[in-house]
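Okay, so here's the structure we're looking at.
In this text the structure is predicted, and so the values were computed from the model without any measurement. Excluded from the calculations below are hydrogen atoms, water molecules and symmetry mates; all remaining heavy atoms, backbone and side chain alike, are included.
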Amino acid sequence: MNTINISDKNFTAQVPASWNELTKKQLMYIASQWRVWQFTTHPVLKIKLFMVLAGIGRWNIFNRQRRVLLALLPKRRDYKKMSAEKYSEKYYYLPDFIRLTDFIFNAHIGLTVNKLPEIKAGKMVLHGPSDSLNSLSFQEFVYVDGFYLAYCATKDIEQLNNMIVCMYRPRNPNLDVLAKDYTGDMRAPFNSNAVDIWLPAVKKLPLEVKTAIYLFYTGCRQKMEKDYASVFSAGDETENGDGDGWYGVLSNLPSEKFGTLAERENTPVHTVFQELNIIMKKYVKK
């Protein structure tokens, strides 16, 4: 966390320094503005974001800190009349505030904590994967990542719906949290033939909820790309028509290590990538 202190105004606030320090409410605000920010990042938008990150957004209208900060902030009429350059010149003290929002606008999305562990879709409650996608099986990853890449390429909302419906599922009816083999994953077992049952409910989710889930998966995937760089290079070969992508990786996993195809599919994705990373590093050394 970053601490903001304006001593002569008796103003102090804590501002998140990373994606994982965001609250759920802050993430939902970011998700609601995400599409707008792809086209413009005018300083006034960053100031609004700063207020949210400082915990003095519009839901705290009677907060004294909010009133103090509002006295320092630009007036709406200036935003309408001034160019971005003149706006920044007049309110010269704002860059320090704005700079604290920069991590949101970087290409790297460091969100690996699932701020939406469960979502309400219509009358259904759907549970999501754990932080860093630790509870995601390799088979799930193959489906989720395929829909994710399709959405990134086309911005087709149906691809995003399909991605979410593979990640979020109802609670496992046979779940026993006291069982020795309980992994912490509350979701029903993944079945690609059953996910269409709750797809209509997922389609009706607010766009900001879908965007928040997209941001979470993006953050987790970017971290995996860094941690398992050689594995992702092999998996992404399919983009160039040189391989079978993740399906090829799945079918070529050594059976003596990962068992039958069904057993490989249910192996946690991080376990698969960790083992493959070791194998590929040994192969490169040879």
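Looking at heavy atoms from C-beta onward, Leu126 lies out of side-chain contact with Arg169 at the 4.5 angstrom threshold. The side-chain heavy atoms of Val209 and Met28, taken from C-beta on, include a pair separated by under 4.5 Å. The shortest distance between side-chain heavy atoms of Trp19 and Ile30 falls below 4.5 Å. The shortest distance between side-chain heavy atoms of Tyr217 and Pro129 does not fall below 4.5 Å. Taking 4.5 Å as the limit, some side-chain heavy atom of Tyr143 sits within range of a side-chain heavy atom of Ser192.
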Could you walk me through whether Thr271 and Gln274 pass side-chain hydrogen bond (donor to acceptor under 3.5 Å, both in side chains), step by step? CA-CA 5 Å; Thr271 300; Gln274 287 165 4; 5.0 Å; no
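Below 30°, between 30° and 60°, or above 60°: for Phe273 and Tyr228 the angle between ring planes is between 30° and 60°, a tilted geometry. Using cut-offs of 30° and 60° on the angle between ring planes, the pair Trp34 and Trp37 is perpendicular.
Side-chain atoms of Asn161 do not come within 3.5 Å of backbone N or O of Lys203 as any donor-acceptor pair. When atom types are taken as modelled, the side chain of Asn20 and the backbone of Thr112 share a donor-acceptor pair closer than 3.5 angstrom. Between the side chain of Lys115 and the backbone N or O of Leu22, at least one donor-acceptor pair lies under 3.5 Å. Side-chain atoms of Asp131 come within 3.5 Å of backbone N or O of Asn114 as a donor-acceptor pair.
Phe190 and Val125 end up in different hydrophobic clusters when Ile, Leu, Val, Met, Phe, Trp and Tyr side chains are linked at under 4.5 Å.
Glu118 and Arg187 are not joined by a salt bridge, as no carboxylate oxygen comes within less than 4.0 angstrom of a charged side-chain nitrogen.
One finds the CG atom of Leu205 at 9.5 Å from the OH atom of Tyr168 (value rounded to the nearest 0.5 Å). For the atom pair Met186 CE and Ser130 OG, the distance stands at 12.5 Å (nearest 0.5 Å). Considering CZ of Phe147 and CD of Glu158, their distance stands at 10.5 Å, rounded to 0.5 Å. Between Ile109 atom CD1 and Thr218 atom OG1 the span is 5.0 Å, to the nearest 0.5 Å.
With Tyr151 as the aromatic partner, Lys155 meets the cation-pi criteria of under 6.0 angstrom to the ring centre and within 45 degrees of the ring axis. Taking the ring axis of Phe105 as reference, the NZ or CZ atom of Lys46 stays within 45° of it and closer than 6.0 Å to the ring centre.
When the side-chain hydrogen bond (donor to acceptor under 3.5 Å, both in side chains) test is applied to Glu21, no partner is found at least two apart in sequence or on another chain.
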